[in-house]
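Working notes for the structure below.
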Amino acid sequence: MSAIKTAHPDEEVFADLETADAGFLEADIAFTAGADIVTVLDSAGDATIKGAVEAGQKHGKKVVADLIGVADRIERAREVAELGVSFVETHAGLDEQTHPDYSIQTLLYDGKIAGVPFSIAGGVKGDTIIAVRDSVPMSPLPAVPSTVPKIRRRRPRP
């Protein structure tokens with residue numbers, strides 16, 4: 001993370017930690033290393049989320065609550081917004097996306113009805129990213145595409 005921030009000091013570094021425990025500790029380490037935004041799992045305990053938020057406040061950075069696997073996204077989004085997260089991420093995991101009833105419109109609907117700043121992750125593709133961006137006006141990070149390129153590092157041969 002430090003190397004990325006050094007190479008791109010004017011860009012926001014998003015650390016998708018999906019923290020489930022030790023919220024303050026993990027977020028503090030990431031922020032110290034150069035992250036500008038970290039994720040904490042919405043299913044984590046409130047103390048974990050509050051800890052991450054406290055670390056964010058210490059560093060002047062953002063904490064996002066990731067709603068992956070949460071049964072009632074709308075209610076939980078409202079709850080964690082009260083805990084101080086910068087925004088929530090309505091997120092459908094790969095398994096959820098294989099369900100015949102899955103639609104990215106569900107993620108958009110849940111975020112809009114919750115009435116809190118939100119972004120989308122899971123199932124965002126080239127043919128949907130513009131519609132998602134236009135539907136999520138109050139988020140600083142409207143979509144996390146599932147088609148993010150992978151970076152490979154070549155290992156030196158012995």
Taking every non-hydrogen atom, the tightest pair across Val64 and Val88:
CG1-C, 4.1 Å

Between CD of Glu26 and CG of Asp21, what distance do you get to the nearest 0.5 Å?
7.5 Å

Might you point out which heavy atoms bring Lys5 and Glu12 nearest each other, and give the distance in Å?
NZ-CA, 4.4 Å

Please tell me whether Val85 and Ile68 are part of a single hydrophobic cluster in this structure, the criterion being side-chain heavy atoms less than 4.5 Å apart.
no

Going from OG1 on Thr106 to CD on Glu96, what distance comes out if it is rounded to the nearest 0.5 angstrom?
8.0 Å

Lys61 vs Val38, test: side-chain contact (heavy atoms from CB on, under 4.5 Å). Steps then yes/no.
CA-CA 8 Å; Lys61 305 293 182 175; Val38 300; over 6 Å; no

Cluster link Leu41 to Ile37, ILVMFWY, side chain under 4.5 Å
no

Between Val80 and Ala65, which heavy-atom pair has the shortest distance, and what is it?
CG2-CB, 3.7 Å

Can any side-chain N or O of Thr90 pair as donor or acceptor with the backbone N or O of Ser119 at less than 3.5 Å?
yes

Return yes when atom OH of Tyr109 has more than 12 non-hydrogen atoms of other residues, nucleotides or ligands closer than 6.0 Å, and no otherwise.
no

For Ala52 versus Val40, what's the shortest heavy-atom pair and its separation?
CB-CB, 4.4 Å

d(Met1 CE, Phe31 CZ) to nearest 0.5 Å is 9.5 Å

Work out which heavy atom in Tyr102 is nearest to a heavy atom in Leu107; give both atom names and the distance.
OH-CD1, 3.6 Å

Once you round to the nearest 0.5 Å, how far does CD of Glu79 lie from CD1 of Ile49?
9.0 Å

Given the options Gln105, Arg73, Arg76, Asp110 meets side-chain hydrogen bond (donor to acceptor under 3.5 Å, both in side chains) only with Arg73

When you measure from the side chain of Gln97 to the backbone of Ala92, do you find a donor-acceptor pair of N or O atoms at a distance under 3.5 Å?
yes

Check: Ser2 side chain, Ala33 main-chain N or O, donor-acceptor pair, under 3.5 Å
yes

Say you draw a straight line from CG of Leu67 to CG of Asp72; how long is it, rounded to the nearest 0.5 Å?
10.0 Å

In this structure, would Val70 and Ile120 fall into the same cluster of hydrophobic residues linked by side-chain contacts under 4.5 Å?
yes

How far apart are the closest heavy atoms of Ala77 and Ala114, and which atoms are they?
CB-CB, 3.8 Å

Under the criterion side-chain contact (heavy atoms from CB on, under 4.5 Å), I'd like the reasoning laid out for Ile113 against Arg78: C-alpha separation, chi angles, the key distance, then a yes or no.
CA-CA 10 Å; Ile113 295 301; Arg78 291 172 177 160; 4.0 Å; yes

Linking I/L/V/M/F/W/Y whenever their side-chain heavy atoms sit closer than 4.5 Å, directly or via other members, would Ile74 and Phe87 fall into one cluster?
no

Side-chain donor/acceptor of Thr39 to backbone N/O of Leu17, under 3.5 Å:
yes

Would you confirm whether Asp36, through its side chain, and Val13, through its main-chain N or O, come within 3.5 Å as a donor-acceptor pair?
yes

Around atom NZ of Lys50, are there more than 12 heavy atoms from other residues, nucleotides or ligands closer than 6.0 Å?
no

